[in-house]
Amino acid sequence: MNRQRILLLLALLGVLPMLVVVLVVTRAESHGSASDPASRTYRCFLEGPETPQSAACQAAITVGGTQAVYDWNEVNIANANGQHRQLIPDGKLCSAGRDKYKGFDLPRADWPATTVQSGGAYTYKYKSTANHPGTFELYMTKAGFDPTQPLKWSDLDATPFKKVLNPPIVSGAYNIAINFPQRTGRHIVYAIWQRTDSAEAFYACSDVDFGGGPTTTPTTPTPGSCTNPAWSPAATYTGGNVVSHKGRNWKAKWWTQNEEPGTTGQWGVWSDQGAC
């Protein structure tokens, strides 16, 4: 019996409407991420998966592709059930140990950061695309944290500086009143959202800058000093690959071979990422 006849039979039997309702309910999913201070995934999404502006987001997409950015609200473990430290290895906290999001584990000191005040009051916001009851735990990296090293569980304070059950939702985001710990320089707010109606948990890394930390003088690369691999007419590239060519960085939008960057035009395969 073909599909159309099966659906017709179900409709006649009065089963189809119930089946549709069941399908709709079972497809409902819980998603979200920190929006203020913005998580790495959400910030890169706001920059644009195809045309990220910051070097850190460009690097994350080079490593993990654009789909991870489009799915900014899905850094989760379906069966976490509170076993976060047992399930997520050191160095992979921002990706929750998922290979899809490995680009957001990159240890670097230039992730776009939100400027905040040491010890100051703040309304932490966690944007939700599907609401569920649950507990939020917010951890801060310890004083002296080095953002150029992979984030480990031991880099976080032993206890969250804020833990709250079912915070209020305002304008599509969970709002959590907090006071930041005393810190200087760059740090990471690590969020764990453990649902209480499911074993599923969500995770988010938000980069913040308290100021007063060590400063570095940015260097301006000169043409010809690009660090991305040089474009080769013999090589095959796929969407998200970044190359250097004639003093500029270029990112492939889709599969390509023997198409020289700078010659394909605005709507071509190569997207100009600026001088290097």
Side-chain angles (χ1 to χ4, degrees), residues 33-47 52-61 63 69 72 75 84-85 88 90-96 101 103-127 136-164 167 170 173-193 202-221 227 274 276:
S33 190
S35 54
D36 188 9
S39 68
R40 291 177 177 180
T41 55
Y42 188 57
R43 189 179 289 274
C44 291
F45 174 75
L46 293 179
E47 287 190 15
Q53 302 304 305
S54 66
C57 288
Q58 291 174 14
I61 291 171
V63 169
V69 183
W72 58 270
V75 184
H84 318 295
R85 294 174 185 262
I88 302 175
D90 281 341
K92 298 184 178 182
L93 275 66
C94 296
S95 66
Y101 295 99
F104 299 100
D105 286 320
L106 293 176
R108 47 193 301 151
D110 62 348
W111 281 102
T114 301
T115 300
V116 297
Q117 182 179 359
S118 178
Y122 199 90
T123 301
Y124 178 94
K125 298 178 181 179
Y126 198 99
K127 188 175 180 65
F136 287 83
E137 293 181 322
L138 305 181
Y139 293 83
M140 182 66 69
T141 46
K142 296 176 181 177
F145 168 68
D146 183 357
T148 66
Q149 298 300 312
L151 179 63
K152 306 183 299 297
W153 285 106
S154 60
D155 291 323
L156 304 177
D157 285 334
T159 57
F161 68 88
K162 185 70 175 186
K163 182 175 181 178
V164 60
V170 181
Y174 291 96
N175 279 222
I176 304 173
I178 65 172
N179 283 91
F180 283 115
Q182 297 289 336
R183 294 289 192 275
T184 59
R186 295 181 64 98
H187 284 272
I188 295 175
V189 179
Y190 190 67
I192 301 174
W193 175 24
F202 287 82
Y203 308 86
C205 280
S206 297
D207 295 272
V208 294
D209 191 345
F210 290 97
T215 58
T216 57
T217 303
T219 57
T220 302
T227 57
C276 58

**Asked** Parallel, tilted or perpendicular for Phe136 and Tyr174, by the 30°/60° rule?
**Response** tilted

**Prompt:** Under 30°, 30 to 60°, or over 60°: which ring-plane class applies to Phe45 and Tyr42, parallel, tilted or perpendicular?
**Reply:** parallel

Between the side chain of [X] and the main-chain N/O of [Y], is any donor-acceptor distance below 3.5 Å?
X      : Y      : result
Asp157 : Thr159 : no
Glu47  : Cys57  : no
Lys162 : Ala177 : yes
Gln58  : Pro52  : yes
Lys142 : Ser154 : yes
Asp209 : Thr115 : no

Rounded to the nearest 0.5 Å, what separation is found between the [atom1] atom of [X] and the [atom2] atom of [Y]?
X      : Y      : atom1 : atom2 : result
Ser35  : Leu46  : OG    : CG    : 9.0 Å
Cys94  : Tyr203 : SG    : OH    : 13.0 Å
Gln182 : Met140 : CD    : CE    : 11.0 Å
Ile88  : Ser95  : CD1   : OG    : 7.5 Å
Leu151 : Ile188 : CG    : CD1   : 4.5 Å
Asp110 : Asp207 : CG    : CG    : 9.5 Å

**Request:** Indicate the atoms forming the closest heavy-atom contact of His84 with Trp153, along with that distance.
**Result:** O-CZ2, 3.6 Å

**Request:** Check Pro160 against Tyr139 and note the closest heavy-atom contact, atom names and distance.
**Result:** N-CE2, 3.4 Å

**Asked** In this structure, which one of His187, Arg183, Arg186 forms a side-chain hydrogen bond (donor to acceptor under 3.5 Å, both in side chains) with Thr141?
**Response** His187

**Request:** List the steps and the verdict of side chain to side chain contact (heavy atoms under 4.5 Å, CB included) for Arg40 and Tyr101.
**Result:** CA-CA 10 Å; Arg40 291 177 177 180; Tyr101 295 99; over 6 Å; no

**Asked** How about Thr123 and Asn175: does a side-chain donor come under 3.5 Å of a side-chain acceptor?
**Response** no

**Message:** For Trp111 and Leu106: C-alpha separation, side-chain torsions, deciding distance, then whether side chain to side chain contact (heavy atoms under 4.5 Å, CB included) applies.
**Reply:** CA-CA 9 Å; Trp111 281 102; Leu106 293 176; 4.2 Å; yes

Would you check if [X] and [Y] make a side-chain contact, meaning some heavy-atom pair closer than 4.5 Å?
X      : Y      : value
Phe180 : Ser118 : no
Ser39  : Ser206 : yes
Val116 : Phe210 : yes

**Message:** So for atom NZ, which belongs to Lys163, do other residues, nucleotides or ligands contribute more than 12 heavy atoms lying within a distance under 6.0 Å?
**Reply:** no

**Request:** Check the pair Tyr122, Asn179 against side chain to side chain contact (heavy atoms under 4.5 Å, CB included), reporting the backbone distance first and the verdict last.
**Result:** CA-CA 6 Å; Tyr122 199 90; Asn179 283 91; over 6 Å; no

**Request:** Test Arg43 against Thr114 for side chain to side chain contact (heavy atoms under 4.5 Å, CB included), laying out the working first.
**Result:** CA-CA 10 Å; Arg43 189 179 289 274; Thr114 301; 2.8 Å; yes

**Asked** Testing Tyr190, Tyr126, Trp193 for ring pair (Phe, Tyr, Trp, His ring centres under 6.0 Å) with Phe202, which one passes?
**Response** Trp193

**Item:** Under the side chain to side chain contact (heavy atoms under 4.5 Å, CB included) test, residues paired with Gln117 that sit two or more places apart
**Value:** none

